[in-house]
Engineer: 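Attaching a single structure in structure tokens format; questions to follow.
Here is the naming used below: chain letters follow the sequence lines, and residue numbers restart at 1 for every chain.
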There are 2 protein chains.
Amino acid sequence: MSVNPEVVREVSEFNNYYNSLAELLNRHLADNNLSLSALRVLVKLRDEEDQCTAGKLIANLGIDGGYLSRILKTFETNQLISKRKSTMDGRTWYLQLTPKGRKLLEILEEGSAQQVSQLLEPLGSEQQLALAGAMKTVRHILSDDAKISADDITFRRDLQPGDAGFIMHMHGSLYAKEAGYNLEYETHICKTFYEFLEAYNSSKDQVFLAMHGNQIIGSIAVLGHSRYATQMRWFLVHPDYRGLGIGQRLLTEAVNAAKEKLFQKIYLITTAQQVAATTLFKKNGFRKSGEKHMPMWGLQLTEERYEIDLI
Amino acid sequence: MSVNPEVVREVSEFNNYYNSLAELLNRHLADNNLSLSALRVLVKLRDEEDQCTAGKLIANLGIDGGYLSRILKTFETNQLISKRKSTMDGRTWYLQLTPKGRKLLEILEEGSAQQVSQLLEPLGSEQQLALAGAMKTVRHILSDDAKISADDITFRRDLQPGDAGFIMHMHGSLYAKEAGYNLEYETHICKTFYEFLEAYNSSKDQVFLAMHGNQIIGSIAVLGHSRYATQMRWFLVHPDYRGLGIGQRLLTEAVNAAKEKLFQKIYLITTAQQVAATTLFKKNGFRKSGEKHMPMWGLQLTEERYEIDLI
DNA sequence: AAATCTGTTTGACAAAAGCAATTAAAAAAC
DNA sequence: GTTTTTTAATTGCTTTTGTCAAACAGATTT
């Protein structure tokens, strides 16, 4: 992939900036007679669940073997780690933190938290959240293992000001990017939202939002159009958050809501191009009840109707 | 301000993560026999436009005086900096980079850019942009001087899929937060967008967006409602970006567009509560042509109409 | 003019980190 | 089945980085 020079500049400047900041944030290490490298070793030893060896640390942390050896030795004399000889290979030792080592790490993290708190103290609560979000984004993009887990996702069932616009934004931009839909599609979504908002009634309508922090990353809704049938709409999960089961969770919530509100059936309109979605619908008991080829949103699409009986 | 423990955790983890990353990004320094501190001194000397002294560096970079003295000495013997005795104070020296020093800094930054490029290489272009945006946000929140400048803002006059939704989102959430409007307001915005999108015609309608990276942070539009008059709508600048003249710039662009399209007058509807906006309108030649007290969007508001003749 | 203060330098030293040689066990080659 | 080579870890030696306290010299105050 080609590299955007503007991005390179920003990353370099950020690095420069963060180097100064790190100085401040890592100051508490000195109080515990630990070097940054030593800390990293300690952390790695805790996080590495299967047996860790010196070689692994060298490879993972990129630190000199001799230096590491000395660090480990002092750890051992201070009873922060224990070594166990490998039965496979007489040269290697399995390393693990002792309770005392864990304890120290906790203390260190407490100290770190205090430094951080001091840094955050002058910031407003929104700014704090924005900061955490941005940092999470950075980590998420750069590291493979800082993957967002389903635990980070929360769900919300009230519609707050700004939500409708954001869902519309997600639909407009994502379908344009992923499926090539034109502006007419967003116009259509806009219309559906206008109709919905004008007649919003929580006894028959229900919106569900999947959130990451204060950011909407998935949506679904059931809209009671008659006494018997409810229409499912705005089913979407942001591509960065797919594969975490969020779609299934939203769908389940929506179906349950429809049942609770005593609707007899749910129907929805989608296109055959939405393979992931239609697969999920079928898996959840929906059946195709109609299809129609037609020019839509700048493309030639197959509109499909699905429905499910709830009783 | 109280500190959010979740945020503290994320910042700590981020710091932890970045410590490892910094190792990688700063590796090129060793090739030039420079310590991180030495680099910071060099950068500071370049960026500090007025004469820099050792004391200033100590205060700004938080580095030990003795250590700094030595760093500066080696810089001097390597002809990277030159010293000039102060006429005010015989103890202090004014320090500045020599051309050779500047040159070295450039080489270093080139090296840094290469490291960064390597890091960015596996990322997609959107991810790169998202990364830069997030880093900018972090710096922006944490440092006072990394303020966003007007230079970082670009303007766009085409309406892409997703834009309408995002503008609606901004209106809905910001007016709710800042003015206490309820969901009816977003419904209203949704209606205006639906009407607009259905009949969008670039010969009479024009949207302007202020962008920070790929994020919309301000908007305005003129919508030709008759042959003579055009309505101005969706005038908003995100609070984080106010005071940079973005509002004025948007307004000017909108008025110019209306003139170009040969409209004879512009009118707009706002509320008396929007003091910043109405002040700007008046400053730009708009005059109030009507007002009406009425319950709107959950509040008792004064709706105002402004207009300006273009010929 | 003496005392104090301030900006910078120097000396002594400790901690952090890197490099090369060494040891011992494992794997590969003969 | 022994020898050679490779690999994991350690040890000795060195450089670099950074800290602390004392010294110095010019400025400021008393």
Side-chain angles (χ1 to χ4, degrees), chain A residues 19-20 22-24 26-42 44-45 48 50-78 81-96, chain B residues 19-20 22-24 26-42 44-45 48 50-78 81-96:
Chain A
N19 281 338
S20 313
E23 188 106 346
L24 200 124
N26 297 327
R27 193 155 292 172
H28 68 287
L29 287 178
D31 306 342
N32 295 76
N33 295 320
L34 274 183
S35 68
L36 219 153
S37 303
L39 171 69
R40 289 173 60 211
V41 170
L42 224 44
K44 192 80 192 172
L45 280 174
E48 198 69 35
D50 57 289
Q51 302 293 30
C52 198
T53 64
K56 211 168 189 177
L57 291 172
I58 291 171
N60 278 314
L61 304 177
I63 95 181
D64 175 73
Y67 184 33
L68 175 66
S69 177
R70 268 176 263 267
I71 289 176
L72 292 176
K73 201 200 281 177
T74 63
F75 278 179
E76 211 185 353
T77 58
N78 291 334
I81 63 168
S82 58
K83 288 163 92 173
R84 202 160 45 73
K85 200 164 192 163
S86 165
T87 49
M88 302 281 108
D89 186 331
R91 295 166 303 178
T92 65
W93 299 80
Y94 292 130
L95 309 166
Q96 57 264 316
Chain B
N19 280 340
S20 311
E23 186 106 346
L24 201 125
N26 296 328
R27 193 156 292 173
H28 68 288
L29 286 178
D31 307 340
N32 296 76
N33 295 320
L34 275 183
S35 68
L36 220 153
S37 302
L39 172 69
R40 289 172 61 208
V41 170
L42 223 46
K44 193 79 191 170
L45 281 174
E48 199 67 34
D50 58 289
Q51 302 294 29
C52 198
T53 65
K56 212 169 188 176
L57 290 172
I58 291 171
N60 277 315
L61 304 178
I63 119 178
D64 176 73
Y67 184 33
L68 174 67
S69 177
R70 268 176 264 266
I71 288 174
L72 291 176
K73 200 200 281 177
T74 64
F75 279 178
E76 209 183 355
T77 59
N78 292 334
I81 64 166
S82 59
K83 289 164 92 171
R84 203 159 43 74
K85 201 163 193 161
S86 165
T87 49
M88 302 282 107
D89 187 332
R91 295 165 304 178
T92 65
W93 299 81
Y94 292 131
L95 308 166
Q96 57 263 316

Engineer: In whole angstroms, how far is the P atom of D:dA8 from the NZ atom of A:Lys85?
Structural biologist: 16 Å
Engineer: How close or far is atom C1' of D:dT17 from atom CG of B:Asn33, stated in whole angstroms?
Structural biologist: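 About 13 Å, once rounded to whole Å.
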Engineer: What is the distance from NZ of A:Lys56 to C1' of D:dA9, rounded to the nearest Å?
Structural biologist: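 Taking atom C1' of D:dA9 as the reference, NZ of A:Lys56 is at 16 Å.
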Engineer: Can you check whether A:Ser82's main-chain N or O pairs, donor with acceptor, with A:Gln96's side chain at less than 3.5 Å?
Structural biologist: yes
Engineer: Under 4.0 angstrom, heavy atoms only, what part of the nucleic acid is B:Lys83 near: base, sugar-phosphate, or nothing?
Structural biologist: sugar-phosphate
Engineer: Side chain of A:Tyr67 only, please: which of D:dT11, D:dG26, C:dA16 is the nearest?
Structural biologist: C:dA16
Engineer: Any base atoms under 4.0 Å from B:Asp89, or only sugar-phosphate, or nothing? Heavy atoms, all strands.
Structural biologist: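 Contact class for B:Asp89: sugar-phosphate only.
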Engineer: On DNA chain D, nearest-nucleotide positions of A:Thr53 versus B:Ser37: which is more 5'?
Structural biologist: A:Thr53
Engineer: Within the 4.0 Å heavy-atom criterion, would you say B:Ser69 contacts the bases, only the backbone, or no part of the nucleic acid?
Structural biologist: base
Engineer: Kindly indicate whether the side chain of B:Ile71, heavy atoms from C-beta on, has any atom under 4.5 Å from the side chain of B:Ile63.
Structural biologist: yes
Engineer: For A:Leu72 and C:dA17, what is the distance between atoms CG and C1' respectively, to the nearest whole Å?
Structural biologist: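 Taking CG of A:Leu72 and C1' of C:dA17, I get 15 Å after rounding.
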Engineer: Rounding to a whole Å, what distance do you find between B:Trp93:CH2 and C:dT6:C1'?
Structural biologist: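 One finds 17 Å between C1' of C:dT6 and CH2 of B:Trp93, rounded.
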Engineer: From the list C:dG18, C:dA26, C:dT8, which nucleotide is the closest neighbour of the side chain of B:Thr92?
Structural biologist: C:dT8
Engineer: Does A:Arg91 or A:Gly65 map to a spot on DNA chain D nearer the 5' end, using the closest nucleotide for each?
Structural biologist: A:Arg91
Engineer: Whole angstroms only, please: what is the CG-P distance between A:Leu68 and D:dT10?
Structural biologist: 8 Å
Engineer: More 5' along DNA chain C: B:Gly55 or A:Gly90, using each one's nearest nucleotide?
Structural biologist: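 First, find each residue's nearest nucleotide; the 5'-ward one identifies B:Gly55.
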Engineer: Measuring from the side chain of B:Ser35 (C-beta onward, heavy atoms only), which nucleotide among D:dT17, D:dA9, C:dA16 has the closest atom?
Structural biologist: D:dT17
Engineer: Are the side chains of A:Asn19 and A:Glu23 in contact, using a 4.5 Å heavy-atom criterion?
Structural biologist: no
Engineer: Starting at the 5' end of DNA chain C and moving along, which residue's nearest nucleotide shows up first, A:Leu34 or B:Arg70?
Structural biologist: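 Upstream on the strand: B:Arg70.
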Engineer: Just verifying a value: how many Å separate B:Ile81 CD1 and B:Trp93 CH2, rounded to the nearest 0.5 Å?
Structural biologist: 11.0 Å
Engineer: Could you tell me how far apart A:Ile81 (CD1) and D:dA9 (C1') are, to the nearest whole angstrom?
Structural biologist: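 Roughly 13 Å, once rounded to whole Å.
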Engineer: Evaluate the side-chain proximity of A:Leu95 to A:Val41: yes if any heavy-atom separation is below 4.5 Å, no if none is.
Structural biologist: no
Engineer: Atom CG of B:Asp64 to atom C1' of C:dA14: distance rounded to whole Å?
Structural biologist: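 Those two atoms, CG and C1', are 13 Å apart.
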